[in-house]
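One structure below.
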Amino acid sequence: MRWRGQRESDNVEDRRGVRIGRPGIAIGGGALLVVLALALLTGRDPLVLLEELDSTQVSVDRGDQTGEQYGAPADDIGRFVSVVLASTEDVWSDLFNKHGRQYREPRLVLFSDAVDSACGYASAAVGPFYCPGDDKVYLDLSFFGELDRRFGAPGDFAQAYVVAHEVGHHVQNLLGVSERVQRARQRASPEEANALSVRLELQADCLAGVWGFHANQTRNLLEPGDVEEGLRAAAAIGDDQLQRSSGRGVQPESWTHGSSAMRSRWLRRGLESGDMDGCDTFSASTP
Ligand SMILES: [Zn+2]
């Protein structure tokens with residue numbers, strides 16, 4: 001990606017290296033909510049995540065995490081994320097304006113190990129997530145290393161896709177989609193609830209693609225190979241792929257994010273059309 005020299009966002013809180021408080025504090029209901037409700041990019045099993053959360057037994061010193069005192073990142077990877085976030089701000093402000101709406105910019109928190117959010121405590125083990133309670137994207141940068149080494153999806157556009165996907169959840173929140181889906185899930189059977197979750201996640205993938213299309217139009221951000229990087233990342237974290245690589249059988253009824261084919265198809269649709277109205281994963285007969 002051609003990101004150097006581009007505008008950086010004012011909305012990044014660099015909380016990396018913030019000291020974790022006293023160990024051994026019980027994980028409360030908030031953390032449970034994070035585990036169950038947050039949009040996990042990797043689609044990991046909530047029970048596994050709960051165990052991971054529990055075993056880390058972290059508590060973050062609440063008093064220091066109000067946000068404003070955390071400065072902008074100064075290192076390369078932090079500034080890269082900041083440029084991507086700034087680009088999502090420009091693109092979504094513009095697209096919302098064209099739809100007669102006002103875009104509210106989310107903030108993005110860089111953290112290491114564990115973080116306190118309006119959705120509760122979360123350890124880095126949960127992966128990147130968006131918390132609708134405080135309009136913030138939470139990102140532990142070690143996930144990028146995992147994307148590269150564990151999921152075989154290296155590259156800066158793969159990383160940008162991760163950020164854009166979480167911002168996609170923010171867009172869904174502003175549009176009221178998340179709330180409608182949440183309500184429908186409460187009335188649904190477990191299988192139906194999973195199917196709704198898949199459509200929500202695929203829409204976030206498509207919206208990430210919409211961002212990529214416009215970022216490229218206005219800032220010429222993409223280089224040859226970038227689209228392929230993104231598609232590879234989307235495929236690498238498809239539920240079928242994750243189930244296969246963990247030795248579990250492929251069970252479509254348990255999917256929460258969609259298969260590799262679905263995820264790359266919806267990302268591609270956004271990337272090629274740039275049309276957010278084309279991201280209606282809920283009307284598609286098969287996502
Ligand atoms: Zn998601």
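Heavy atoms only: backbone and side chains are in, while hydrogens, waters and symmetry mates are out. Counting convention: from 1, in listed order, for ligands and their atoms alike. Note that the structure is predicted; figures quoted are calculated from it, not measured. Throughout, numbering of the chain's residues begins at 1 and tracks the sequence.
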With carbon and hydrogen excluded and only N/O/S kept, which atom of [X] is nearest the Zn ion (ligand 1)?
X	value
Glu201	OE1
His165	NE2
His169	NE2

Exercise. Is the number of heavy atoms from other residues, nucleotides or ligands under 6.0 Å of Glu179 CD greater than 12?
Worked result: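 Counting other residues, nucleotides and ligands, CD of Glu179 stays at 12 neighbours or fewer.
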Problem set entry | 2.8 Å cut-off met by an N, O or S atom of Asp205 to the Zn ion (ligand 1) |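 It does not: Asp205 brings no N, O or S atom closer than 2.8 Å to the Zn ion (ligand 1).
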Could you tell me if [Y] and [X] have a donor-acceptor pair between their side chains, going purely by distance under 3.5 Å?
X	Y	answer
Trp211	Ser87	yes
Gln217	His214	no
Glu253	Asn194	no

